[in-house]
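To start, the structure under review is shown below, and the notes come after it.
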Protein chains: 2
Amino acid sequence: MDMATLGELERSVMDLLWDSAEALTAGDIRDGLARGDAAGTGKDLAVTTVLTVLSRLEAKNFVTRDRDTRPHLFHASTSRAAHMAELMHEVLGAAPDREAVLARFVGQVSPSEVAALRRMLDGK
Amino acid sequence: MDMATLGELERSVMDLLWDSAEALTAGDIRDGLARGDAAGTGKDLAVTTVLTVLSRLEAKNFVTRDRDTRPHLFHASTSRAAHMAELMHEVLGAAPDREAVLARFVGQVSPSEVAALRRMLDGK
DNA sequence: CATTGATTTCTACGTCATGTAAAATATGGA
DNA sequence: TCCATATTTTACATGACGTAGAAATCAATG
């Protein structure tokens with residue numbers, strides 16, 4: 001059950017999907033990448049490249065594809081926050097000394113985030 | 001400044017080093033791996049293989065090597081907890097919506113760990 | 001229904017990280 | 001000096017990813 005990791009481009013594509021409320025077409029993504037919307041340095045890629053990446057992301061269950069519309073529509077299957085949180089849990093889960101890790105982790109959280117954490121814990 | 005990631009074998013080697021109080025020789029590690037001490041499924045590797053991996057880990061600054069003794073002595077340059085915590089921060093840092101991620105993260109922490117977290121936050 | 005332009009799928013290749021280890025070299029004693 | 005042991009070099013296979021051309025498919029339209 002371990003989370004597949006993402007490459008640079010794959011990550012950029014996910015960022016575009018995550019940052020967009022609606023589903024996007026391969027073309028939309030291609031343009032977003034060209035425009036440099038996501039961190040991915042304004043690369044000018046072929047649409048087939050984007051489609052290949054999208055297929056791989058689909059295989060990894062990171063995106064879902066709507067095949068009923070003509071330019072297929074793609075959307076992230078998980079929110080970025082959920083994904084990131086899961087990644088963090090995965091790291092934590094790989095350690096035998098979980099509490100020690102948590103301690104270190106908390107030790108380096110910024111003050112404002114410490115406050116946020118307190119609130120979160122209280123509201124549980 | 002991004003943390004290099006570790007492969008399967010590299011990770012097993014680090015686990016052995018992390019689990020050992022003292023520094024180890026390549027032979028020690030080879031044996032530990034053969035014995036199946038670390039998660040690494042009891043692989044029977046050549047010592048040169050282990051040395052190659054150790055060199056790579058050294059390049060990645062995960063281990064330090066003592067060249068003054070004959071069989072060189074290797075030891076982890078960071079504790080596992082510190083490494084894991086750093087990884088977690090790296091994931092968190094890659095998200096624009098840090099608090100959202102933290103919220104999700106906390107949402108899935110076990111009760112006992114929630115308590116631990118509270119204590120940690122209090123003692124700050 | 002045949003044609004064509006758009007879209008998707010297949011196929012392919014380069015590169016890089018990693019696992020793996022033999023060959024070559026260095027080193028420290030006998 | 002010579003040997004046994006340890007380290008460094010060199011090498012190759014594999015798999016993930018970036019990248020995209022070629023081939024196949026599909027939807028509209030004449």
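Naming: A, B, ... by sequence-line order, numbering from 1 per chain. Remember, it's a predicted structure, so these values are computed and weren't measured experimentally.
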Nucleotide N/O of nucleotides 22-26 of chain D paired with protein N/O under 3.5 Å:
unit_1 : atom_1 : unit_2  : atom_2 : d
D:dC26 : O4'    : A:Arg70 : NH2    : 3.2

Got a sec, which residues hit side-chain hydrogen bond (donor to acceptor under 3.5 Å, both in side chains) with A:Arg70, two or more places apart in sequence or on another chain? none
Using the test side-chain hydrogen bond (donor to acceptor under 3.5 Å, both in side chains), find all partners of B:Ser55 that sit at least two apart in sequence or belong to another chain.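 If we apply the side-chain hydrogen bond (donor to acceptor under 3.5 Å, both in side chains) test to B:Ser55, skipping adjacent residues, the hits are B:Arg65.
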Members of residues 54-68 of chain A that approach DNA chain C, where some heavy atom sits under 4.0 Å away: A:Arg56, A:Arg65, A:Arg67
Contacts to DNA chain C from residues 11-23 of chain B, heavy-atom cutoff under 4.0 Å, which residues? none
Bounded by its outermost nucleotides with an atom under 4.0 Å from a heavy atom of chain B, the footprint on DNA chain C reads C:dT18 to C:dT27
How would you list, by chain and number, every residue that makes a side chain to side chain contact (heavy atoms under 4.5 Å, CB included) with [X], sequence neighbours excluded?
X        : value
B:Arg11  : A:Ala94, B:Leu6, B:Asp15, B:Trp18, B:Arg80, B:Met84
A:Ser79  : A:Ala81, A:Ala82, B:Arg104
B:Ser112 : B:Ser110
B:Glu99  : A:Glu113, A:Ala116, A:Arg119, A:Met120

Separation of A:Glu8 atom CD from D:dG18 atom P, in whole Å? 8 Å
List in chain and number order the residues that pass ring-ring contact (aromatic ring centres under 6.0 Å, His included) with A:Phe105, two or more places apart in sequence or in another chain; answer none if no residue qualifies. B:His89
side-chain hydrogen bond (donor to acceptor under 3.5 Å, both in side chains): pairs with one or both residues in residues 44-53 of chain B, sequence neighbours excluded: B:Arg30-B:Asp44
Taking only side-chain nitrogens and oxygens of B:His72, does any of them come within less than 4.0 Å of OP1 or OP2 of D:dT7? yes
